[in-house]
Visitor: 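Below you'll find the structure I mean.
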Amino acid sequence: MKFMKLGSRPDTFYTAESVRSVSSEVSSDLIIQVKGSRYLLHKFPLLSKCLRLQRLCSESPESSQHQIVQLPDFPGGVEAFEICAKFCYGITITLSAYNIVSARCAAEYLQMTEDVEKGNLIYKIEVFFNSCLLHGWRDSIVTLQSTKAFPLWSEDLGITSRCIEAIASKVLTHPSKVSLSHSYSRRGRDDISCNGTESQRHKPAIKGWWAEDMAELSIDLYWRTMIAIKSGVRIPSSLIGEALKLYASRWLPKVSSKDVYINKQEASEDSDSDSSNEITSKHRLLLESIISLLPTDKGAVSCSFLLKLLKAANILGASSSSKIELARRVAIQLEEATVNDLLIPSVSYSNDTLYDVDIVMTILEQFMLQGQSPPTSPPRSKLGYERRRSRSAENINFELQESRRSSSASHGSKLKVAKLVDRYLQEIARDVNLHLSKFITLAESIPDFSRLDHDDLYRAIDIYLKAHPDLNKSERKRLCRILDCRKLSMEVCMHAAKNELLPLRVVVQVLFFEQARAAMAGGKVTELPSNIKALLAGHNIDPSRPPPSLSTASTIAAEDQWSISGLRSPKSKLSSTLRMKLAEDDLDESDLQSEGGISRTSKFKAFCALPTRPKRMFSKFLSSNRNPNEKN
C-alpha cells in the first residue's frame, strides 16, 4: 500500500482535561469545537491556510482571550480535523488509501485551496491521489471502499467516479501490467520486491484475478464498478458470471427450507419486526442488483447458480419482474439443472406446500416457448431460390447441417428436461398438501415425445397415491390418465399389476397390453379374432396398431416393446390381485357392456384368470366367449 508523509515537525498534540492542545511557547487564542471535542489552538497557522476559518473568525465576536469557532458538521470527525490542523502546524502526517478520502473532504470543508496559500493541502492530496493511489489496484479498492462514509462529498469531489474508472481500466488490462499493491486476498502471490519489481515466485492469475477483491465492495459501489467493466466489452461474460457468483456467495444469506418454515411460523406470530425487515430489504436490494448485472449470454452463469438466486428471490420476497427474469434465464439452460436445484422452498402464507411448484411451472412454460426448433430446410420461395443459386453447394450443405444439429440439440434438451421433471415430481409427490391439479398440470407440461419411457412418471404417481390415501376413485383415474402403459418397462409393469392403489382400469390395461404384445411378438397370432377386436374397440384401441394407453396413441420401436418373462412364473400373484380389485372396484357401465348389449364381466374375469403358460392365454380366453357356431 502506498503512503505519503507531509511535514517534518514531531507530533506535539496532547490532551489535558478533555481538551486537545499543541505544545507551543505562544499562548493559544482560538478554541475550535468539532463534534463534542474541544481544541485549544492558534489563529495564525490555521487561518493562513483555511479560508473557512478566516470567514468564521471574522463573523464571530472576539472575546478578551479566546475566540470560539463551532464546526458541528465537520466531515471525517476529529481524526480528519487533526490531520488538517497538524498540516497547518507543519507536524508530520501520513496519508494513505485508508484516510485520504476523509482528509480530502475535511480540506475541502476548511477551503484549504491554492488561493489561500500555494502548496496547500488540497493540492498535495490531489497529486498523491491521481499519481499514486489510482495507479495501484489495492489502493484504488480501499479508497473506493472508504468513500462509503462520505457519499455526497465523494461524489461532489469526483473521488468515487475516478476510483471506479481506475478499477475498471485495470480489470480490462492484463494483470502483469497492473500494480496489485499487496492485495490482502493474494498476499502470497502478489509480492512486490523492495525495488518495486514484481516477485517471480508467484504470478497472478490471468483470469478473474480481480473478482475476490471487488467482492469486498458494498453493493452500490460494486454495481457501478461492474457496469463500467461490462461497458468495456473486452471481458468474457463467463468471467462476469464467476465474479457475480463469488459476490453472491459473499453477501447473500444462506437460508435452508427449515429456516423458511421457521420464518413463516414467526411471521404469522409477529409481523412487526423492524430489524428483520430492514435486513431483508437490504438483502433484497442486493439480490435484485446482482440479477440486473447477469450477462445475457447462455452459459455465462450456471443453471445451478441461477436457481440459487431464484430460491433467494423467493425467500427475500423479490419483485415479480426479477423472478420472471430469473425463470426465463433458467429456462434457457434448464437441461443443466438437478432435482435439488428445482426444490425451491415455498414462502407463501396462503398454502402449506413445502415447495414452490408455481415457479417451476413458469420455468417450464418459458422452456417450451424458447424450445422452437429451426426448420431443417430453407423456405421455398422465388427470392430464396435466386439467393441459393448464387451460393455454392458446400454452403448450402453446411447450413442444412447446422440447422439439423440445432434441431437435434433442442430435442435432446427436451428429453433431459422430461427426465428432470419426472424425478422432480417424485420429490414433490411426498408433500401431503400438494394439490392434484398442480401435479397433473406439471406432468402434462412435458410433450409426450420427450418421455421415452414412463417409468419415472409411474414412480411419481405411485408416491403421490401413497402420500394421498384419501383420493377417491375419480381422482385416482384422473391422475393415472397421464400414464402411458405401453412405455412402462417389464419391472414396472409387474409392480403396477400388483399395485392396489391404482385404478382397476390401469391394472387391466397393463396386463392386457403385456399379454397382447407377447402373443403377437411370438408369432402365434397372425390375426386377432373378432371378439378380441371388439374388446379392443370397447377400450378405443385400434387392433391394427400397437395398443395405446389411457392418454396417448403414439407408437414405440420394436426393441422398446415389452416382454412377459415375469408373467411366466407359476407363483405370480397377478390373478389374485386382480380378483380382489374386481371385488372392491366396479367398472364403468360403458366398460362392462358390449356393443350387442352382452355383459363383458365374464370376459374380464376370464382375462384376469391368468394361466401359468401365457402363450395359451388367448385360446383359453377365446374359448370361454365363443358361441357354438364359432366352435364348429
Side-chain angles (χ1 to χ4, degrees), residues 4-7 9 11-15 18-24 26-96 98-130 133 143 146-162:
M4 177 180 69
K5 287 190 174 183
L6 298 175
R9 293 180 55 188
D11 190 355
T12 56
F13 270 69
Y14 67 94
T15 303
S18 301
V19 177
R20 293 282 288 170
S21 302
V22 59
S23 298
S24 176
V26 181
S27 60
S28 60
D29 55 357
L30 181 62
I31 296 176
I32 298 179
Q33 292 183 343
V34 180
K35 292 187 176 182
S37 297
R38 174 172 286 198
Y39 288 85
L40 196 58
L41 304 173
H42 304 81
K43 286 185 179 180
F44 175 72
L46 292 175
L47 271 60
S48 63
K49 291 181 172 61
C50 303
L51 183 61
R52 189 184 188 94
L53 291 181
Q54 293 179 19
R55 189 175 70 253
L56 291 176
C57 288
S58 64
E59 294 174 354
S60 61
E62 187 173 349
S63 61
S64 57
Q65 187 176 4
H66 295 94
Q67 191 170 5
I68 300 176
V69 176
Q70 301 279 351
L71 301 176
D73 55 346
F74 195 86
V78 294
E79 294 84 1
F81 176 77
E82 283 201 17
I83 290 176
C84 296
K86 289 177 180 179
F87 175 80
C88 294
Y89 280 95
I91 297 174
T92 302
I93 60 173
T94 302
L95 296 176
S96 68
Y98 291 100
N99 62 2
I100 193 171
V101 176
S102 60
R104 178 66 179 86
C105 296
E108 187 70 21
Y109 180 88
L110 294 173
Q111 299 178 4
M112 302 175 71
T113 62
E114 292 296 287
D115 297 334
V116 182
E117 184 178 89
K118 294 296 182 180
N120 214 338
L121 184 57
I122 290 179
Y123 171 77
K124 292 183 180 297
I125 289 177
E126 285 291 333
V127 171
F128 175 61
F129 178 60
N130 291 322
L133 295 187
T143 304
S146 61
T147 61
K148 189 172 178 60
F150 317 98
L152 297 179
W153 283 93
S154 300
E155 289 293 344
D156 293 340
L157 298 175
I159 300 175
T160 305
S161 59
R162 282 183 284 173

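All residue numbers in this chain count up from 1 along the given sequence.
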Visitor: Measure across L40 and S21 and return the closest heavy-atom pair with its distance rounded to 0.1 Å.
Guide: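 Taking L40 first and S21 second, the nearest heavy atoms are CB-OG, 3.5 Å.
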Visitor: List the steps, then state whether side-chain contact (heavy atoms from CB on, under 4.5 Å) holds for S48 with C88.
Guide: CA-CA 8 Å; S48 63; C88 294; over 6 Å; no
Visitor: Could you pull out the closest heavy-atom pair between G76 and S102, with the gap in Å?
Guide: CA-CB, 4.4 Å
Visitor: Would the distance check show the side chain of S58 and the main-chain N or O of R55 forming a donor-acceptor pair, the cut-off being under 3.5 Å?
Guide: yes
Visitor: Step by step, would you call Q54 with L46 a side-chain contact (heavy atoms from CB on, under 4.5 Å)?
Guide: CA-CA 9 Å; Q54 293 179 19; L46 292 175; over 6 Å; no
Visitor: If you take all heavy atoms of K124 and G119, which pair is closest and at what distance?
Guide: CE-O, 3.1 Å
Visitor: Would you name the heavy atoms of V34 and V78 that are closest together and state the gap between them?
Guide: O-CG1, 3.7 Å
Visitor: Starting at CG of L53, measure out to OH of Y109 and round the result to the nearest 0.5 Å.
Guide: 9.0 Å
Visitor: If you count heavy atoms of other groups shown closer than 6.0 angstrom to CZ of F13, is the number above 12?
Guide: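 Counting other residues, nucleotides and ligands, CZ of F13 exceeds 12 neighbours.
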Visitor: Tell me, please, which residues at least two apart from S23 pass side-chain contact (heavy atoms from CB on, under 4.5 Å).
Guide: T12, Y14
Visitor: Using every non-hydrogen atom in the two residues, find where L41 and S28 come nearest and quote the distance to one decimal.
Guide: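 Heavy-atom minimum between the residues: O-CB, 3.1 Å.
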Visitor: Indicate the atoms forming the closest heavy-atom contact of A106 with P75, along with that distance.
Guide: CB-O, 3.9 Å
Visitor: Which residues pass the side-chain contact (heavy atoms from CB on, under 4.5 Å) test with E108, not counting sequence neighbours?
Guide: R104, I122, W153, L157
Visitor: List for me each residue that meets side chain to side chain donor-acceptor pair (under 3.5 Å) alongside T15, sequence neighbours excluded, and say none if there are none.
Guide: R20
Visitor: Just by modelled atom types, is the L30 backbone N or O under 3.5 Å from a matching donor or acceptor in the H42 side chain?
Guide: no
Visitor: Between atom CG of L51 and atom CG of L56, what is the distance when rounded to the nearest 0.5 Å?
Guide: 9.5 Å
Visitor: Determine yes or no for a side-chain-to-main-chain donor-acceptor pair under 3.5 angstrom, with N99 supplying the side chain and T94 the backbone.
Guide: yes
Visitor: Roughly how far, to the nearest 0.5 Å, is OH of Y98 from OG1 of T143?
Guide: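 Rounded to the nearest 0.5 Å, the OG1-OH separation comes to 9.5 Å.
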Visitor: Just how far is it from atom OG of S96 to atom CE of M4, taken to the nearest 0.5 Å?
Guide: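 Here the rounded value is 10.0 Å.
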Visitor: Atom CG of L95 and atom CZ of F87: how far apart are they, to the nearest 0.5 Å?
Guide: 9.5 Å
Visitor: Can you list the residues that meet the side-chain contact (heavy atoms from CB on, under 4.5 Å) rule with R38, with sequence neighbours excluded?
Guide: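 Result, side-chain contact (heavy atoms from CB on, under 4.5 Å) vs R38: V19, I31, Q33.
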Visitor: If you look only at pairs with a residue in residues 114-123, which of them pass as a salt bridge (charged side-chain N to carboxylate O under 4.0 Å, His left out), with sequence neighbours excluded?
Guide: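 Those involving residues 114-123 are K49-E117.
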Visitor: In Å, rounded to the nearest 0.5 Å, how long is the span from CE of M112 to CG of L121?
Guide: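 The CG atom of L121 is 4.5 Å from CE of M112, to the nearest 0.5 Å.
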Visitor: Which residues pass the ring pair (Phe, Tyr, Trp, His ring centres under 6.0 Å) test with F150, not counting sequence neighbours?
Guide: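 Result, ring pair (Phe, Tyr, Trp, His ring centres under 6.0 Å) vs F150: none returned.
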Visitor: Do side-chain atoms of D29 reach the backbone of K43 as a donor and acceptor pair under 3.5 angstrom?
Guide: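 A pair under 3.5 Å: yes.
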